[in-house]
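Keep in mind that the numbers below use all heavy atoms, side chains included, and drop hydrogens, waters and symmetry copies. Proteins get letters first, then strands, A, B, ... in listed order; numbering begins at 1 in each.
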Amino acid sequence: MSRQVQGLLPWIWQRVSALYLALFLIYFVISMIFLDQFDYPHWLAWIRNPVNGIFIYIGFLMLFTHAWVGIKDVIMDYIHPIAIRSLALMLCGLGLLACLLWLTRVLLMAILK
Amino acid sequence: MRFSIYRYNPEQDDKPYMQDMELQAVSDEMMLLDALLELKEQDESLSFRRSCQEGVCGSDAMNINGRNGLACITPLHSLSEPVKLRPMPGLPVVRDLIVDMSQFYQQYRNIKPYLIVHDPEPDVERKQSPEERDRLDGLYECILCGCCSTACPSFWWNPDKFLGPAALLQAWRFLADSRDQAEVERLQELEGPYRLFRCHTIMNCVDVCPKGLNPTNAIGKIRHLMLKRSI
């Protein structure tokens, strides 16, 4: 793995994902304020809007990316033995991947129902 | 004035301990180093480094009431009692308040702290415009006391891999120098997950620097230069 992949790129992704999440949060709050009625059917309709669906999905991808970079940093800082570090990274990676698959299922079900 | 001082002589003591000491005659003008020199008269075995006594050499850096600083420019009246003095954290203790700074200097060496020029040597000096010279302000003033690096948790956890704020400030000092011609090589050396990118911008370094320098800002500038170069 090149040194840039381990150094600069995660740092860039951390910034890009944080920026996206900040902008998405503003968009989400404004959307909720201007919702015709603040109830479940309107909320569901907002989520089923394909543009919003894409924004939400990208938002969660960014959240997982941000979480991965952060947790990788913590593990690299504090866990030094390579075997335990690899195990911790693998478990966190698998946990995030499982969350992503679960989220995909939830969103698809909400859109397709 | 009461003091609680970290004592450890590896040749005699099984483990470190805090020794209580007291100084009767204390004046408002006294700096912490003056007090330490008087305390040393009470107990000759008390060991600490000092040299210029005016915040230029950086040799009397220590942890003062939980915060790194230079004893010679810390006014006694600014400290709460008992004044707790410990060696700078994260480095091996040689004796009492004296730490082994080999690791710190090694990281400084790693950034090649000198101008690298590929052009033939000019007949006269290598000139800089006033603006180019101004870019070095806030960088060259570092006295390598080690206050910043030893206040940095990333340096505590990975002192052999992470360069630390002091070395990174100097890395930017040479990257920012218009006379240096090794920008690409220097940036390549800083790549990877450890040397530069262990910095998580918590800014302890800025908080404790006795010269008021800003290593976090320098680290940010290196990252942006790296980003610019990679696009």
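- By the 30° and 60° cut-offs, the orientation of the rings of Phe197(B) relative to Trp11(A) is tilted.
- For the salt bridge (Lys or Arg N to Asp or Glu O under 4.0 Å) condition, the pairs that include at least one residue of residues 94-109 of chain B, sequence neighbours left out, are Arg7(B)-Asp96(B).
- In this structure, Tyr6(B) places its OH atom where more than 12 heavy-atom neighbours from other residues, nucleotides or ligands lie under 6.0 Å away.
- Dense packing is recorded around CG of Asp39(A), with more than 12 heavy atoms of other residues, nucleotides or ligands lying under 6.0 Å away.
- Summarising the local packing, OH of Tyr17(B) is surrounded by more than 12 heavy atoms from other residues, nucleotides or ligands at distances under 6.0 Å.
- Panel note: side chain Arg223(B), backbone Leu8(A); no donor-acceptor pair is recorded below 3.5 Å.
- Every residue meeting the salt bridge (charged side-chain N to carboxylate O under 4.0 Å, His left out) condition with Arg229(B), not counting sequence neighbours, appears here in chain and number order: Glu183(B).
- Interface with chain B: from residues 81-95 of chain A, residues Arg85(A) qualify, criterion being any non-hydrogen pair under 4.5 Å.
- Note: His80(A) NE2 to Lys161(B) NZ = 6.0 Å, rounded to the nearest 0.5 Å.
- The stretch residues 12-37 of chain A places Ile12(A), Arg15(A) near chain B, each with some heavy atom under 4.5 Å from a heavy atom of that chain.
- For Met76(A) against Pro193(B), the heavy-atom pair with the smallest separation is CE-CB, 3.5 Å.
- For chain A, no part of Phe162(B) is nearby; none of its heavy atoms comes within less than 4.5 Å.
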